[in-house]
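Okay, structure first, notes after.
Here is how names work: the chains are called A, B, and so on, in the same order as the sequence lines, proteins then strands, and each is numbered from 1.
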Amino acid sequence: MKVRTRFAPSPTGNVHIGNMRAAIYNWLFARHHGGDFLLRVEDTDRERSTPEAIQTLLDAMAWFKLDVDEEPLYQSTRMEAHLEAAELLLSKGMAYKEDKGGKGQGECIIFKMPGNDTSFEDGIKGTLSKAAENMQDFVIVRSNGTPVFHLANVLDDIEQGVTHVIRGDDHIENTYRHIALYQALGADVPNFAHLPMIVNAQGKPYSKRDGDAFVGDFREKGFLGDALFNYLALLGWSPGDDREVMTRDEMVEAFELARCQSSAAQVDLRKLTWMNGEYMLKLPLEDFEAAFFQELEKAGIEADPEYAKQVFGLIRERVKTVADIAPMIGYFFNDDYEYDPKAVRKKLQKDGVADTLAQVKGIFESLETFDEAGTDKALHNFVESSGLGFGAVMAPVRIAVSGVQSGPDLFPLLAVLGRDRVLERICRTIEQFLS
RNA sequence: GACCCCUUCGUCUAGUGGCCUAGGACUCCAGGUUUUCAUCCUGGCAACACGGGUUCGAACCCCGUAGGGGUCGCCA
């Protein structure tokens, strides 16, 4: 039988990374088995399920390149079918009506648990079971006439022909109920697999309060969709060997539920950042360049495209997330860059530096061609003849022209800035800090 | 509280009775390469929750204990 999995979120305007990871695992599982991956939008909460919220959901899936094989099923269109099924259960004596008081408007429909112990093979956790005495009847249609999650969810999974339900392990208790519902409805019980939660350092479910919890947060921070996909896939699953940075195809090929972890996991932003850097390095040049120009625009920097491209060449290999770009390049486009106080104190305001910078300025002025090779050779000669160390010359020059201690290779950096800017900045630095 | 689930370095994980003096990755630290910055290379720190069994042999099997989490809605 063909494998069919689904992602069944309720659109709330934000997509939690735990949910997204569940979506990724469903997708990976379906693709691994050559099956179908479906989307069901559980939009019965009309308040929150706005068109914008649904769009946010679709955007997140597109960002992760989670392609679906059929048109999405919107749960709100299925209410009639849900209620019909409830009537059927009622007529068969598998459910009953009762006024439980609570919400006022009369009788609700309650599903009668069949009274037998239940156990099932969880694809991740193994055999799970629960005694009949620990399971109670539950409401499937509210007294206001609307179907409850359990009913709708099971019915829609049957409707969509879902063979494998892969969801968070906070649903384990629901699964016992759902199995009873499948059986009462005369449907095949699908396979279940329960994924551990993503938790915070305290072991509690990871939430907004713990930091970045939504897909959008990571996107804004400059992470790449492919990198986050890879990271999330590995958070709770491993291919069994030492591979970590993997292509989509490799992940699809290697994915198995049996290799999924059954304990909770924490997000480690440092490792994600590292992994993102690995992906940045592999990014096709034009994609990276496009992202670069987008960041320029975001930072409100207007610049000559040719000049900007040269700057891009300098920083291309030292960026871990696209959000790193803007803070790294300010001084290329703005003469009023800030000086790092610590750098000024430790490297600039020392004996002899004023003189060194003045001499370097002189050398640069008299250079025939102010390019990478020219400045390189000139400074080497200067270091040799002056008896100063390399650090004692390069560091002050770097700080003078950029305000910071670290950055791209110094000589190409000087070449991109150009002689006029470099001379002007050296002058200003001497005046401002060394006189 | 009842029921259910979980427990290997700080974090993500490998490990399914001998290959484990427990491997990899991120982070951190120390050297080295780069006569700047970053990269890179090498090395190091660091874990089987605890207690009983079973076995010639246990991270792996069984039973307890402890700790953590989930569920117990006319939310999804």
Side-chain angles (χ1 to χ4, degrees), chain A residues 8-12 19 42-45 48-49 75 98-110 122 124-126 128-131 133-136 138-150 152-153 167-177 194 196-197 199 201-205 231 234-245 258-259 261-275 277-278 281 314-315 317-320 376 379-380 383-384 389-399 402 404-414:
Chain A
S10 52
T12 62
N19 280 120
E42 303 209 331
D43 59 345
T44 50
D45 183 343
R48 301 168 83 185
S49 300
Q75 190 161 70
E98 189 182 307
D99 186 345
K100 288 176 78 182
K103 285 225 164 148
Q105 316 120 34
E107 293 184 313
C108 56
I109 302 178
I110 296 172
D122 187 280
I124 294 172
K125 293 178 192 275
L128 261 30
S129 52
K130 199 163 174 98
E133 65 204 80
N134 295 318
M135 297 187 281
Q136 280 90 46
F138 57 96
V139 174
I140 53 176
V141 177
R142 300 184 187 88
S143 49
N144 69 5
T146 58
V148 168
F149 162 74
H150 302 294
N153 187 268
R167 59 187 1 173
D169 67 9
D170 50 337
H171 280 290
I172 288 178
E173 301 293 329
N174 290 336
T175 297
Y176 297 106
R177 297 199 256 254
H194 292 94
M197 311 258 84
V199 299
Q202 284 71 245
K204 306 269 190 200
Y231 180 78
L234 249 40
L235 194 63
W237 170 75
S238 88
D241 48 41
D242 289 337
R243 286 180 294 170
E244 294 202 302
V245 177
R259 297 209 55 88
Q261 207 72 13
S262 54
S263 54
Q266 291 179 33
V267 172
D268 182 355
L269 241 29
R270 291 175 305 189
K271 187 154 185 174
L272 205 209
T273 301
W274 163 78
M275 186 169 273
E278 296 292 305
L281 255 20
L314 291 179
I315 58 126
E317 287 182 359
R318 36 191 88 225
V319 168
K320 285 262 192 284
D376 190 337
L379 276 197
H380 273 81
V383 165
E384 225 163 281
F390 240 85
V393 177
M394 312 266 287
V397 173
R398 178 186 290 283
I399 295 164
S402 74
V404 290
Q405 294 187 74
S406 64
D409 276 330
L410 185 59
F411 302 114
L413 170 98
L414 293 173

Distance between the [atom1] atoms of [N] and [M], in whole angstroms?
N	M	atom1	answer
U21(B)	G53(B)	P	23 Å
U39(B)	U33(B)	C1'	11 Å
A14(B)	G23(B)	C1'	6 Å
A38(B)	A46(B)	P	28 Å
U8(B)	C61(B)	P	14 Å
A49(B)	U7(B)	C1'	7 Å
C60(B)	U16(B)	C1'	6 Å
G43(B)	C26(B)	P	14 Å

Taking the six-membered ring for Trp, are H150(A) and F138(A) parallel (under 30°), tilted (30 to 60°) or perpendicular (over 60°)?
-> perpendicular

Nearest to the [X] side chain among [options], which nucleotide is it?
X	options	answer
H150(A)	U11(B), A76(B), U36(B)	A76(B)
S262(A)	A76(B), C72(B), U7(B)	U7(B)
S263(A)	C4(B), U8(B), U36(B)	U8(B)
D409(A)	U7(B), C74(B), U36(B)	U36(B)
H171(A)	C74(B), A76(B), C26(B)	A76(B)
R142(A)	C3(B), A25(B), A76(B)	A76(B)
I172(A)	C5(B), U13(B), C72(B)	C5(B)
V148(A)	C5(B), A25(B), C74(B)	C74(B)

Just the rounded figure in Å: distance from [atom2] of [N] to [atom1] of [X].
X	N	atom1	atom2	answer
E244(A)	G24(B)	CD	P	12 Å
H194(A)	U71(B)	NE2	C1'	12 Å
W274(A)	A38(B)	CH2	C1'	18 Å
K125(A)	U71(B)	NZ	C1'	13 Å
N19(A)	C75(B)	CG	P	20 Å
K271(A)	U13(B)	NZ	C1'	7 Å
L379(A)	U35(B)	CG	P	14 Å
L234(A)	A14(B)	CG	P	10 Å

Inset, instruction - Check whether the side chain of H380(A) and the base of U35(B) form a donor-acceptor pair under 3.5 Å. - result: yes

So does [X] get a side-chain nitrogen or oxygen closer than 4.0 Å to the phosphate oxygens (OP1/OP2) of [N]?
X	N	value
S238(A)	A14(B)	yes
R318(A)	C40(B)	no
R177(A)	A76(B)	no
Q75(A)	A76(B)	no

Is there a Watson-Crick or G-U wobble partner for [N] with both distances under 3.5 Å, and which nucleotide is it?
N	value
C29(B)	G43(B)
G67(B)	C6(B)
A59(B)	none
G1(B)	C72(B)

Per-nucleotide protein contact along nucleotides 58-68 of chain B, 5' to 3', at a 4.0 Å heavy-atom cut-off (B base, S sugar-phosphate only, - neither), is -----------

Next on the checklist: Applying a 4.0 Å non-hydrogen cut-off, can you work out what P205(A) is touching in the nucleic acid: base, sugar-phosphate, or nothing?
Outcome noted: sugar-phosphate

Subject >> Under-4.0 Å salt bridge between R142(A) and E107(A) >> reply: no

- [ ] Please say whether more than 12 non-hydrogen atoms of neighbouring residues, nucleotides or ligands are located less than 6.0 Å from CZ in R243(A).
- [x] yes

